[in-house]
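Computed from a prediction, not measured in an experiment: that's the story for all the values here. Numbering of residues begins at 1 and proceeds along the displayed sequence. All ligand and atom numbering here is 1-based and tracks the order in the structure.
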Amino acid sequence: MKIAVGSDHAGFEYKKTVLSWLERNGYEINDMGPYNEESVDYPDYARKVAIAVAEGQCDSGVLLCGTGIGVSIAANKIKGIRAALACSPEFASLARQHNNANIICLPARFTDASIIEQTLHNWFMTDFEGGRHEKRVNKIEPCC
Ligand code: RB5
């Protein structure tokens, strides 16, 4: 599985935690930046990761910003993307089970390394439940 990863400056430090966890767990990684702590604009990186997932170059994505909110709003502008803000490991499981989310967004200023690792574990170990959730997910369409 190939995973696209991106952040802004607020998420840069914990992006390293994400990259290290993915590497240790055998995932192929496309680190889409940034590559230093200089201030950047989160929509630029959210868009890169979202396009890589939407176009099938990567199987799923991990994004980080201060709250996780900015990157999730930006990523969800790309057709086919279901980016979910995960403030806890439980959010990650539910985002997969109920929403079939394909990008997870992490709140770098409101988490720690251990929570990030548990959240990634749940995210990658959990499948979409389908069934009643499939009909609902299929209703999520850009409309205007
Ligand atoms: C950057 O200061 C901050 O606004 C950004 O990381 C993010 O939290 C936006 O949603």
| query | Are Ser93 and Asn122 linked by a side-chain donor-acceptor pair shorter than 3.5 Å? | reply | yes
Give every pair formed by an N or O atom of ligand 1 and a protein N or O atom closer than 3.5 Å, one pair per line with both atom names and the distance to 0.1 Å, or write none.
{"from": "ligand 1", "atom 1": "2 (O)", "to": "Arg109", "atom 2": "NH1", "distance (Å)": "3.3"}
{"from": "ligand 1", "atom 1": "6 (O)", "to": "Asp8", "atom 2": "OD2", "distance (Å)": "2.5"}
{"from": "ligand 1", "atom 1": "6 (O)", "to": "Gly66", "atom 2": "N", "distance (Å)": "2.7"}
{"from": "ligand 1", "atom 1": "8 (O)", "to": "Gly66", "atom 2": "N", "distance (Å)": "3.2"}
{"from": "ligand 1", "atom 1": "8 (O)", "to": "Thr67", "atom 2": "N", "distance (Å)": "3.0"}
{"from": "ligand 1", "atom 1": "8 (O)", "to": "Thr67", "atom 2": "OG1", "distance (Å)": "3.3"}
{"from": "ligand 1", "atom 1": "10 (O)", "to": "Thr67", "atom 2": "OG1", "distance (Å)": "3.4"}
{"from": "ligand 1", "atom 1": "10 (O)", "to": "Gly70", "atom 2": "N", "distance (Å)": "3.0"}

Can you give the donor-acceptor pairs under 3.5 Å from side chains of residues 30-45 to other protein atoms, not counting sequence neighbours?
{"from": "Asp31", "atom 1": "OD1", "to": "Lys15", "atom 2": "NZ", "distance (Å)": "2.9"}
{"from": "Asp31", "atom 1": "OD1", "to": "Gly33", "atom 2": "N", "distance (Å)": "3.0"}
{"from": "Asp31", "atom 1": "OD2", "to": "Lys15", "atom 2": "NZ", "distance (Å)": "3.2"}
{"from": "Tyr35", "atom 1": "OH", "to": "Asp31", "atom 2": "O", "distance (Å)": "2.6"}
{"from": "Tyr35", "atom 1": "OH", "to": "Gly33", "atom 2": "N", "distance (Å)": "3.3"}
{"from": "Asn36", "atom 1": "OD1", "to": "Glu38", "atom 2": "N", "distance (Å)": "2.9"}

| Restricting to pairs with a member in residues 80-90, which pass side-chain hydrogen bond (donor to acceptor under 3.5 Å, both in side chains), not counting sequence neighbours? | Ser88-Glu90
| request: Assess whether salt bridge (Lys or Arg N to Asp or Glu O under 4.0 Å) is satisfied between Lys139 and Glu134, documenting all intermediate values. | output: CA-CA 9 Å; Lys139 286 187 176 182; Glu134 183 139 32; over 6 Å; no
| query | By side-chain hydrogen bond (donor to acceptor under 3.5 Å, both in side chains), which residues pair with Asn100, not counting sequence neighbours? | reply | Arg96
| remark: Shortest non-hydrogen pair, Ala4 vs Ala52, comes out as CB-CB, 4.3 Å
